[in-house]
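Here the structure is laid out as structure tokens; the discussion comes afterwards.
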Amino acid sequence: MSAGGAASPSRPRRVVRPQPFVAPDLAGVRELGAESPLVRLSPRRSAIGTLAVVGGVHAMWESTELVDGAAFASGERQGDSVVTSGNRPLVAFDGDEVLVTLRHVRELRRAHVVAGDGAWLRVDLPGDRTLAVDPPGPGERVALSLLVVDGRLELRRVTLPDTLTPSLVHQRFGYSIPERPGDSVPARS
């Protein structure tokens, strides 16, 4: 209480946000497989340079503004691109690589990169760091899930049945990619 008998104003409590669950750091992981399917990058590694995924044939993304799109190694596209303030796409194919612009990763909510039939993926990180995403078992396809959690990029190996069409892959991951005039999607990715 203050000298006049009135209670002193209390400070507003700091809002405590839930923290993400504990995930392995990149330090001890060389491959994402059945035993260690997940790694979370440090805030610094999540925000500098460009992440490249080699071996993908189909990429999907969703921005924090809920803009969805997909692209295919064969050149087809569906939905919308997310262009950063630097006038670069946030996620895009460049030849046989899917590139993710890490400088603007906070604009990304999530992305997925699907490998070709029976293939594995390689993730090239800035600083000459590479991760392998183990190949799938029979009747499966491997995919890399990229999720931004509190500004940190989480990479996870997931598998899909190898019989899914691109639209079924989108449904499986919960994307609602709009069809635009001029969009084209291969029968299989």
Residue pair L32 / L144, side-chain heavy-atom distance below 4.5 Å: yes
Atom of V158, atom of F173 and distance for their closest heavy-atom approach: CG2-CZ, 3.9 Å
Under the side chain to side chain donor-acceptor pair (under 3.5 Å) test, residues paired with D134 that sit two or more places apart: none
V67-V105 co-clustered via ILVMFWY side chain contacts under 4.5 Å: yes
Pairs satisfying ring-ring contact (aromatic ring centres under 6.0 Å, His included), at least one member in residues 123-163, at least two apart: none
H170 and F72 aromatic ring geometry - parallel, tilted or perpendicular at 30°/60° bounds: tilted
Nearest non-hydrogen partners of R157 and P135, listed with the distance: NH2-O, 3.0 Å
Verdict with supporting geometry, H104 and R88, side-chain contact (heavy atoms from CB on, under 4.5 Å): CA-CA 10 Å; H104 302 283; R88 293 177 54 188; over 6 Å; no
Donor-acceptor pair, side chain of R156 and main chain of A143, under 3.5 angstrom: no
Side-chain donor or acceptor of R103 paired with backbone N/O of T50 under 3.5 Å: no
Single-linkage hydrophobic cluster Y175~L164, side-chain heavy atoms < 4.5 angstrom: yes
ILVMFWY cluster, V148 and L125 together (side-chain gap under 4.5 Å): yes
Nearest-0.5 Å distance, CE of residue M60 to CG of residue L146: 10.0 Å
ILVMFWY network linking V114 to L99, side-chain heavy atoms under 4.5 angstrom: no
Value rounded to 0.5 Å, distance of CD in E154 from CG in L38: 5.0 Å
Cluster check I177, L160: I/L/V/M/F/W/Y, side chain < 4.5 angstrom: yes
Stepwise side-chain contact (heavy atoms from CB on, under 4.5 Å) test for V82 and W61: CA-CA 9 Å; V82 178; W61 55 85; 3.8 Å; yes
